[in-house]
Amino acid sequence: GYWFDPQHNSGVEASFFGLEQVSTGFNANSAGNPILARPFLNAITNAQDVQLIAFPGVLSGAVSASETSRLYGAGALYRREIGSWGAERFGLLVGYRFLHASDRLDILSTSTVIAGGVIPPGTIFASTDSFHASSNFHGLDLGVAGEYMRGPWMLEWRAKVALGASLNEAQINGSTTITAGGVTAILPGGLLALPSNIGNTTQTRFAAVPDFAVKAGYQFAPTWRVVASYEVLYWTGVQRAGGLIDTTVNPNLIPPPVGGGPQRPQPQFDTSSLLAQGFSFGVKHEF
């Protein structure tokens with residue numbers, strides 16, 4: 001940041017933060033026992049159904065799911081002090097706020113036919129469902145800030161709200177590879193990602209981002225101060241990968257498709273709110 005005057009009545013500041021990419025996962029495999037299956041709501045019978053991955057004497061298989069997400073943001077503010085009372089100062093804030101959140105979910109399953117009638121033993125089915133969501137927020141940042149000084153000690157606080165738009169994007173992909181008798185065929189669609197919902201979609205939604213921060217510091221030299229702070233941020237209208245999934249499936253569309261019935265799953269665009277909070281510790285130097 002930079003103050004325009006020695007009295008620190010007006011100034012500007014810029015900031016950036018980023019959270020390390022976080023991943024979670026799940027894996028399971030079976031030679032047939034225990035049973036592995038992926039559940040869905042059957043769009044034809046309107047009853048719960050499953051896609052078998054492993055079943056005693058019929059199928060052996062494995063299933064895995066991985067989710068990766070990240071969050072970062074930046075902003076610029078103009079600050080104007082509006083008054084002081086004793087050791088307290090108060091100011092107004094106005095500026096621009098940018099946020100980016102991305103979320104990716106991949107589900108992979110593989111099944112090998114152990115014994116069967118219509119389908120030859122040794123046939124391998126490998127399917128993939130991929131859901132990728134991202135949100136970019138652009139908004140006007142408005143807020144108030146206060147500062148209290150007592151000897152070498154300092155306490156700062158600020159409360160802001162950014163009002164603007166979240167530009168949400170979604171990418172849904174799926175495929176199934178079938179290998180039988182040395183011949184491999186690749187078909188579009190997995191289980192939750194089928195031709196009925198595969199594709200890219202965009203959506204713009206109004207969003208609000210309240211933000212509150214408090215900072216405490218101790219001055220150990222004329223222009224140097226050690227500081228510790230806490231900040232919490234709440235973002236509405238965020239697109240997450242889970243909000244793209246329609247769990248109602250027409251089994252006639254699962255590869256290899258036989259056709260008939262409703263076009264399900266359908267593209268979904270359910271948004272949710274995101275809460276982020278963090279602590280920081282550092283050293284501050286004022287010119």
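For reference, positions follow the sequence shown, starting with 1. Bear in mind that the values here come from a model prediction, so they are computed numbers and not experimental data.
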Using only heavy-atom distances, determine whether the side chains of [X] and [Y] contain a donor-acceptor pair under 3.5 Å.
X: R264; Y: S196; result: no
X: S229; Y: S280; result: yes
X: T236; Y: S273; result: no
X: S166; Y: W235; result: yes

Evaluate the side-chain contact (heavy atoms from CB on, under 4.5 Å) criterion for residues H132 and N173: first the C-alpha distance (whole Å), next the side-chain angles of each, then the deciding distance (0.1 Å), finally the verdict.
CA-CA 9 Å; H132 182 206; N173 291 293; over 6 Å; no
If I take atom [atom1] from residue [X] and atom [atom2] from residue [Y], how far apart are they, to the nearest 0.5 angstrom?
X: W153; Y: Y148; atom1: CH2; atom2: OH; answer: 13.0 Å
X: Q7; Y: E81; atom1: CD; atom2: CD; answer: 11.5 Å
X: I124; Y: T110; atom1: CD1; atom2: OG1; answer: 8.0 Å
X: I53; Y: I35; atom1: CD1; atom2: CD1; answer: 12.5 Å
X: L59; Y: S30; atom1: CG; atom2: OG; answer: 10.0 Å
X: L167; Y: R205; atom1: CG; atom2: CZ; answer: 12.5 Å

Do the side chains of [Y] and [X] get nearer than 4.5 Å, heavy atoms only?
X: V94; Y: L92; result: no
X: Q48; Y: L41; result: yes
X: L52; Y: S111; result: no
X: I178; Y: T123; result: yes
X: D103; Y: F131; result: no
X: L192; Y: P265; result: no
X: Q266; Y: N197; result: no

Would you say N250's side chain and G260's backbone share a donor-acceptor pair under 3.5 angstrom?
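Yes, because the side chain of N250 sits within donor-acceptor range (under 3.5 Å) of the backbone of G260.
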Under the side-chain contact (heavy atoms from CB on, under 4.5 Å) rule, what do L77 and R158 come out as? Steps first, then yes or no, please.
CA-CA 12 Å; L77 289 169; R158 62 175 55 193; 3.5 Å; yes
Assess whether side-chain contact (heavy atoms from CB on, under 4.5 Å) is satisfied between Y72 and F98, documenting all intermediate values.
CA-CA 9 Å; Y72 60 82; F98 168 77; 3.9 Å; yes
Parallel, tilted or perpendicular: which fits the ring planes of F4 and Y2, with parallel below 30° and perpendicular above 60°?
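F4 vs Y2 ring planes: perpendicular.
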